[in-house]
J.: 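Pasting a structure below so you can have a look.
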There are 2 protein chains.
Amino acid sequence: MFSKACEYGIRATIYITEQSLFSKKVSLKDVANAIESPEAYTSKILQQLVKNNIIQSEKGPHGGFTIPEKEIKSLTISQIVVAIDGDQIFNGCGLGLKQCNERKPCPVHNQFKLIRGNLKMMLESTTIHSLALQLHQGFSFLKS
Amino acid sequence: MFSKACEYGIRATIYITEQSLFSKKVSLKDVANAIESPEAYTSKILQQLVKNNIIQSEKGPHGGFTIPEKEIKSLTISQIVVAIDGDQIFNGCGLGLKQCNERKPCPVHNQFKLIRGNLKMMLESTTIHSLALQLHQGFSFLKS
DNA sequence: TTCGTAAAAGTAATTAATTTCTTTTAGTGG
DNA sequence: CCACTAAAAGAAATTAATTACTTTTACGAA
């Protein structure tokens, strides 16, 4: 469904948000540990999220990652997915046709339109904040 | 969503089914042409489908691919997806956790369960036959 | 101020998986 | 036996994932 980078990105953001709830800054190492991901690769992904203004970073001793106060309640899964994987998942053709639309649809165009609509709605309405709360209460997990 | 191999596999099967409606056998070249796919790669994919008894093949002059008469009405997208991509799309965790279930769910477990349920239902209830009919009537297309 | 250290940012290289291309093999009908 | 067509195997190319290494920035102690 998503690329591995995107999966890591979502998990990382949920973790950072959970810690940001208590104004805790987290280091790259913390993140990689919490979500069981390769550290250097995770670094790349977090950089992308910083560039897209989804998370904040500070260098130097006691540096680390946080979620901007302003966004912490409104950030959705969708924003992360678009930042990392682009909008292919929402707009791309289910059978891989370059061009696929109402006027020249692939055989499953309408069926996929429905499914993708559901997916989009879910990703846009689910906030990272709500997921972080559940995580904090021990109702869900970020690593196996 | 699906691998490229799977996309080609679905498109190829729709095309073969359309031709099978009129008892026409199609060659590898025909298929690759009709769906605009690399010929050799398509060959490998069709081989997989043959091994999974989804399509039939015959070698030699006038050889080619057909859909077994018995299955032509009942074959669904789901069968092709499972044969090529496996059931990861139905059962895998949306955030890539090795282990993700009711007892130890990832943060989006329930949300994805719904979406995947919808997807599964769609893929299992949509027959290739119905798609082939629409294609034949010119309502949809297999290449851009 | 200056220097050392801790942290993220940036760059390049490696590995692994997927997709594509090439060649050979094998079965079938004329 | 010959020509045609799919099967099989392997090599090459592309893309995705991961790792290793260097640079930049910021803080704190001397």
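Labels below follow one simple rule: chain letters A, B, ... track the order of the sequence lines, proteins then strands, and each chain is numbered from 1. The shown structure was predicted, so the numbers you read here are calculated from the model rather than taken from an experiment. What's counted below: heavy atoms across the whole structure, side chains too, no hydrogens, waters or symmetry copies.
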J.: For G60(A) and A5(A), take the nucleotide of DNA chain D holding the closest heavy atom to each; which residue's nucleotide lies nearer the 5' end?
T.: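 Final value for this comparison: A5(A).
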J.: Per the atom types in the model, does the base of dG10(D) pair as donor or acceptor with the side chain of K44(B) at under 3.5 Å?
T.: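 Present.
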J.: Which whole-number value in Å describes the distance from I55(A) CD1 to dA8(C) P?
T.: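 Distance check: I55(A) CD1 to dA8(C) P gives 10 Å.
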J.: Side-chain N or O of Y8(B) versus OP1/OP2 of dT20(C): is the shortest distance under 4.0 Å?
T.: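 Checking dT20(C) against Y8(B), a side-chain N or O does come within under 4.0 Å of OP1 or OP2.
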J.: Taking only N and O in the side chain of K51(B), is any of them less than 4.0 Å away from OP1 or OP2 of dA7(D)?
T.: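 No, K51(B) has no side-chain N/O under 4.0 Å of OP1/OP2 on dA7(D).
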J.: Take atom CD in E69(B); do more than 12 heavy atoms of anything else shown fall under 6.0 Å from it?
T.: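 No, the 6.0 Å shell around CD holds no more than 12 heavy atoms from other groups.
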J.: To the nearest Å, how far apart are Y41(A) OH and dT11(C) C1'?
T.: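 In whole Å, dT11(C) C1' lies 16 Å from Y41(A) OH.
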J.: Rounded off to whole Å, could you give me the CD-to-C1' distance for the E36(B) and dT20(C) pair?
T.: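 The distance from CD of E36(B) to C1' of dT20(C) comes to 16 Å, rounded to the nearest Å.
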J.: Mind checking E58(B) for me? I need base, sugar-phosphate or nothing, with any heavy atom below 4.0 Å counting as a touch.
T.: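 Counting heavy atoms under 4.0 Å across all strands, the contact made by E58(B) is with sugar-phosphate only.
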J.: If you take all heavy atoms of R11(B) and E36(B), which pair is closest and at what distance?
T.: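 Distance-wise, the nearest heavy atoms are NH2-O, 4.0 Å.
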J.: Given that P38(A) and G63(B) both sit by DNA chain D, which one's nearest nucleotide is further toward the 5' end?
T.: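 Between the two, 5'-proximity favours G63(B).
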J.: Among dA17(D), dA6(D), dT28(C), which nucleotide sits nearest the side chain of S57(B)?
T.: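 Closest nucleotide among those given: dA6(D).
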J.: Separation of Q47(B) atom CD from dT5(D) atom P, in whole Å?
T.: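 Between P of dT5(D) and CD of Q47(B): 17 Å.
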J.: On DNA chain C, check which nucleotide each of F2(B) and V50(A) is closest to and give me the residue with the more 5' one.
T.: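 Comparing both residues, the 5'-ward one is V50(A).
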J.: State, with a plain yes or no, whether a side-chain heavy atom of Q111(A) is found less than 4.5 Å away from one of L131(B).
T.: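 A side-chain contact exists here, since the closest heavy-atom pair is under 4.5 Å.
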J.: Hey, could you give me the CD1/OG distance between I45(A) and S3(A), rounded to the nearest 0.5 Å?
T.: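 The OG atom of S3(A) is 7.5 Å from CD1 of I45(A), to the nearest 0.5 Å.
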J.: Would you kindly give the CD1-to-C1' distance between I16(A) and dA7(C), to the nearest whole Å?
T.: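 Nearest whole value for this atom pair: 14 Å.
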J.: dT25(D) P sits how many Å from K59(A) NZ, rounded?
T.: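 Computing the K59(A):NZ to dT25(D):P distance gives 5 Å.
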J.: Give K25(B) one of three labels, base, sugar-phosphate or nothing, depending on what nucleic acid heavy atoms sit under 4.0 Å from its own.
T.: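 Nothing, no nucleic acid heavy atom in range.
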J.: Separation of H62(B) atom NE2 from dA6(D) atom C1', in whole Å?
T.: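 The answer, rounded to whole Å, is 15 Å.
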J.: Is there any ring pair (Phe, Tyr, Trp, His ring centres under 6.0 Å) pair reaching into residues 9-28 of chain A, and which pairs are they, with sequence neighbours excluded?
T.: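 Sorted pair list: F22(A)-H136(A).
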J.: Would you kindly give the CG-to-P distance between L46(B) and dA8(D), to the nearest whole Å?
T.: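 About 12 Å, once rounded to whole Å.
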